[in-house]
Amino acid sequence: MQPDAVNFWMGDDRAISSTHKDHYENIYVVVAGEKHFTLLPPTDLFCLYEKQVIAATYVQKEDGSFDIQEDDPKMTLPWIHCDPDNPDLEKYPLFEYSNKVQCVVRPGEMLYLPAMWFHQVSQHGDEENRTIAINYWYDMKYGANWCYFKFMEKIIAEMRGSNLNESENE
């Protein structure tokens with residue numbers, strides 16, 4: 001079976017992802033350094049405070065500084081403000097009920113990350129402060145699990161009295 005995408009990742013200790021989910025079955029292989037994963041199952045959606053935000057891009061100005069410009073055409077994307085490795089439980093009290101799992105993937109090791117699992121990834125470089133990884137994405141099956149996840153989104157939005165598809169500023 002051929003993957004739908006193969007991604008090459010290279011960076012140093014400064015790199016960290018936001019908490020997000022992918023619609024792909026993910027096989028993640030580390031070549032150098034370490035990848036640190038914080039994983040949360042799709043059933044934790046209720047305690048992650050996912051909101052829609054306006055998509056934007058950093059644009060470098062002539063003086064070297066950066067501006068944030070809204071993408072054109074204007075669109076929104078899901079964003080999780082709560083840092084699962086250092087949650088502010090006063091601001092995000094439901095996070096206390098999350099089922100996070102943390103793991104480290106080292107050179108020569110592989111992680112299978114199921115589609116729709118939330119994850120945040122940081123890294124620790126090798127002796128040259130580099131981290132290299134490759135991942136293989138396989139399209140998920142849009143079956144019962146997808147329907148269940150979409151049902152959870154609707155229920156959570158109703159319980160919060162808002163629409164998760166509306167843009168909210170924090």
Side-chain angles (χ1 to χ4, degrees), residues 1-45 47-61 64-88 92 95 98-143 145-146 149-150 153 164 170:
M1 178 196 283
Q2 293 291 328
D4 292 293
V6 178
N7 302 299
F8 176 81
W9 304 94
M10 189 164 105
D12 60 26
D13 291 358
R14 298 171 293 174
I16 185 167
S17 74
S18 62
T19 303
H20 66 285
K21 64 185 177 301
D22 297 314
H23 295 88
Y24 293 96
E25 305 293 341
N26 188 346
I27 296 178
Y28 208 99
V29 180
V30 173
V31 177
E34 297 177 346
K35 289 286 190 168
H36 298 247
F37 286 83
T38 300
L39 309 169
L40 300 122
T43 51
D44 279 1
L45 177 64
C47 57
L48 295 180
Y49 299 88
E50 181 179 82
K51 295 182 179 182
Q52 294 292 316
V53 296
I54 297 170
T57 304
Y58 281 106
V59 178
Q60 191 168 17
K61 300 188 307 188
S65 64
F66 289 88
D67 272 340
I68 299 174
Q69 293 182 358
E70 290 182 8
D71 291 351
D72 187 23
K74 189 175 183 176
M75 66 175 97
T76 62
L77 53 89
W79 191 261
I80 296 171
H81 295 273
C82 181
D83 177 355
D85 292 332
N86 188 26
D88 179 345
Y92 306 109
F95 188 80
S98 71
N99 297 286
K100 77 177 179 179
V101 175
Q102 294 179 303
C103 68
V104 177
V105 184
R106 295 179 178 85
E109 296 179 344
M110 176 183 74
L111 171 70
Y112 166 63
L113 179 57
M116 304 302 290
W117 273 60
F118 296 95
H119 54 286
Q120 181 181 56
V121 186
S122 61
Q123 54 196 21
H124 180 70
D126 61 10
E127 62 280 347
E128 296 176 31
N129 193 27
R130 64 184 178 168
T131 304
I132 300 171
I134 300 170
N135 75 322
Y136 301 87
W137 278 348
Y138 296 87
D139 203 13
M140 68 177 276
K141 303 278 188 238
Y142 287 88
N145 287 344
W146 174 254
F149 186 82
K150 297 310 280 182
E153 281 185 331
L164 289 178
E170 188 164 277

Legend entry - Gln123 side chain near Val30 side chain, heavy-atom distance below 4.5 Å: no

Inset, instruction - Determine the minimum heavy-atom distance between Pro84 and Phe95, stating which atoms define it. - result: CA-CZ, 3.5 Å

Inset, instruction - Determine whether more than 12 heavy atoms belonging to other residues, nucleotides or ligands lie under 6.0 Å from atom OH of Tyr112. - result: yes

Inset, instruction - Give the minimum heavy-atom separation between Leu45 and Glu153, together with the two atoms involved. - result: CD2-CG, 3.6 Å

Inset, instruction - Check the angle between the aromatic planes of Phe118 and Phe149 and answer parallel, tilted or perpendicular using the 30° and 60° thresholds. - result: tilted

Legend entry - Steps toward side-chain contact (heavy atoms from CB on, under 4.5 Å) verdict (Met140, Trp146): CA-CA 9 Å; Met140 68 177 276; Trp146 174 254; 3.9 Å; yes

Legend entry - Sub-4.5 Å side-chain heavy-atom contact between Asn7 and Ile134: no

Inset, instruction - Spell out, as yes or no, whether a donor-acceptor pair under 3.5 Å connects the side chain of Ser98 to the backbone of Asp44. - result: no

Legend entry - Heavy-atom closest contact (Ala133 atom, Lys35 atom, distance): CB-CE, 3.9 Å

Legend entry - Least distance between heavy atoms, Asp4 atom then Asp139 atom: OD2-N, 2.5 Å

Inset, instruction - Mind telling me whether Tyr24 and Trp137 have parallel, tilted or perpendicular rings, with 30° and 60° as the class edges? - result: parallel

Inset, instruction - Begin with the C-alpha distance, continue with both residues' side-chain angles, and end with the deciding distance and a verdict on side-chain contact (heavy atoms from CB on, under 4.5 Å) for Ile132 and Phe8. - result: CA-CA 8 Å; Ile132 300 171; Phe8 176 81; 3.6 Å; yes

Inset, instruction - Please name the residue in the list Asn26, Thr19, Asp22 that meets the side-chain hydrogen bond (donor to acceptor under 3.5 Å, both in side chains) test with His119. - result: Asp22

Inset, instruction - Have a look at Asp85 and tell me which of Lys100, Gln102, His36 forms a side-chain hydrogen bond (donor to acceptor under 3.5 Å, both in side chains) with it. - result: Gln102

